[in-house]
**Student:** 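One structure, as structure tokens, below. Some questions next.
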Amino acid sequence: MEKNHAYNHFRTQVEPALISKLEEFRLLGYKEVSESSLWDFLTRKKWKKAKEEIRIYEIIDDILSVKVSDYISFTTIDTYKNHDFNLADENEMKELLK
């Protein structure tokens, strides 16, 4: 997770929007998504290039417009990038195919 993102000072102010988006994820069956992982997705993907003069309503709009498919794709790719799979190991192969 990026600790020094330009929008981190907005996090407490936009927490209700984050919670609302997490509730939507849960209604769709994605109960394991956490607030910190959603914020990580936003800072690393959606807000990769921070605007200098962003308004809080733009941040809230970005949060509320997150699509589950975008979040899942990002998380899947990030997992593959950050994990060394040993496909010769039968247990890891079974874990990967779950």
Side-chain angles (χ1 to χ4, degrees):
M1 181 187 304
E2 192 170 329
K3 300 289 182 197
N4 297 321
H5 193 275
Y7 301 164
N8 280 349
H9 67 280
F10 287 111
R11 186 164 178 178
T12 55
Q13 293 173 295
V14 300
E15 189 172 356
L18 288 168
I19 292 169
S20 175
K21 183 50 72 171
L22 289 173
E23 288 173 358
E24 178 185 328
F25 275 38
R26 286 183 180 91
L27 285 172
L28 295 171
Y30 297 94
K31 296 172 177 31
E32 290 79 28
V33 179
S34 68
E35 186 177 326
S36 62
S37 65
L38 179 57
W39 187 260
D40 185 48
F41 162 75
L42 290 162
T43 56
R44 291 177 50 211
K45 180 69 174 177
K46 196 130 180 134
W47 303 323
K48 196 173 196 174
K49 295 180 182 178
K51 296 180 192 175
E52 284 186 33
E53 296 292 325
I54 194 156
R55 305 271 194 241
I56 194 165
Y57 72 86
E58 294 173 295
I59 291 176
I60 291 171
D61 183 54
D62 286 344
I63 292 168
L64 296 178
S65 66
V66 170
K67 295 178 184 170
V68 173
S69 59
D70 293 340
Y71 173 82
I72 297 299
S73 294
F74 171 81
T75 304
T76 303
I77 291 168
D78 193 50
T79 300
Y80 286 134
K81 284 181 180 178
N82 294 321
H83 185 40
D84 294 328
F85 292 105
N86 181 3
L87 298 180
D89 183 1
E90 187 176 333
N91 290 330
E92 279 203 38
M93 180 71 91
K94 288 179 182 177
E95 188 66 30
L96 180 62
L97 295 175
K98 279 187 179 179

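The residues of the chain are indexed from 1 along the displayed sequence.
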**Student:** Listing request: all side-chain hydrogen bond (donor to acceptor under 3.5 Å, both in side chains) pairs with a residue in residues 67-76, at least two apart in sequence or in separate chains.
**Tutor:**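 Applying side-chain hydrogen bond (donor to acceptor under 3.5 Å, both in side chains) to every pair that reaches into residues 67-76, excluding sequence neighbours, yields S37-Y71.
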**Student:** Under 4.0 Å between a side-chain nitrogen and a carboxylate oxygen: does that hold for R44 and D78?
**Tutor:**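 Between D78 and R44 there is a salt bridge, with a charged N closer than 4.0 Å to a carboxylate O.
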**Student:** Under the rule for salt bridge (Lys or Arg N to Asp or Glu O under 4.0 Å), what residues qualify as partners of E35, not counting sequence neighbours?
**Tutor:**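 Here the qualifying residues are R11.
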**Student:** For E58, give me all partners under side-chain contact (heavy atoms from CB on, under 4.5 Å), at least two apart in sequence or on another chain.
**Tutor:**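 By the side-chain contact (heavy atoms from CB on, under 4.5 Å) rule, E58 matches K51, I54, R55.
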**Student:** So do the side chains of I59 and L42 get within less than 4.5 Å of each other, counting heavy atoms only?
**Tutor:**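 They are not in side-chain contact.
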**Student:** Going by ring-ring contact (aromatic ring centres under 6.0 Å, His included), name the residues that satisfy it together with Y7, two or more places apart in sequence or in a different chain.
**Tutor:**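 In terms of ring-ring contact (aromatic ring centres under 6.0 Å, His included), with neighbours along the sequence ignored, Y7 is linked to H5, W47.
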**Student:** How many angstroms lie between CZ in R26 and CD1 in I19, if you round to the nearest 0.5 Å?
**Tutor:**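 With rounding to 0.5 Å, CZ (R26) is 9.5 Å from CD1 (I19).
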**Student:** Is there a donor-acceptor pair under 3.5 Å between the side chain of K48 and the backbone N or O of T43?
**Tutor:**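 No; zero donor-acceptor contacts below 3.5 Å.
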**Student:** Could you give the distance from CD1 (I72) to CZ (F41), rounded to the nearest 0.5 Å?
**Tutor:**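 I72 CD1 to F41 CZ: 10.0 Å, rounded to 0.5 Å.
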**Student:** Check salt bridge (Lys or Arg N to Asp or Glu O under 4.0 Å) between D61 and all other residues, then give those that pass, not counting sequence neighbours.
**Tutor:**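 Salt bridge (Lys or Arg N to Asp or Glu O under 4.0 Å) list for D61, sorted by chain: empty.
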**Student:** What residues form a side-chain contact (heavy atoms from CB on, under 4.5 Å) with L28, not counting sequence neighbours?
**Tutor:**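 By the side-chain contact (heavy atoms from CB on, under 4.5 Å) rule, L28 matches E24, Y30, V68.
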**Student:** Of all residues at least two apart in sequence or in a different chain, which pass the side-chain contact (heavy atoms from CB on, under 4.5 Å) check with I56?
**Tutor:**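 With neighbours one apart ignored, the set is F10, Q13, V14, I60.
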**Student:** Heavy-atom distance under 4.5 Å between the side chains of N4 and N8, does that happen here?
**Tutor:**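 They are not in side-chain contact.
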**Student:** Within the supplied structure, the quantity of interest is the number of heavy atoms (other residues, nucleotides, ligands) at a distance under 6.0 Å from K45 NZ; does it exceed 12?
**Tutor:**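 No, not enclosed.
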**Student:** Which atoms form the tightest heavy-atom contact between S20 and L64, and what is the distance?
**Tutor:**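 Here S20 and L64 meet closest at OG-CD2, 4.2 Å.
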**Student:** To the closest 0.5 Å, what do you measure between NZ (K46) and CG (L38)?
**Tutor:**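 If we round to the nearest 0.5 Å, K46:NZ and L38:CG are 10.5 Å apart.
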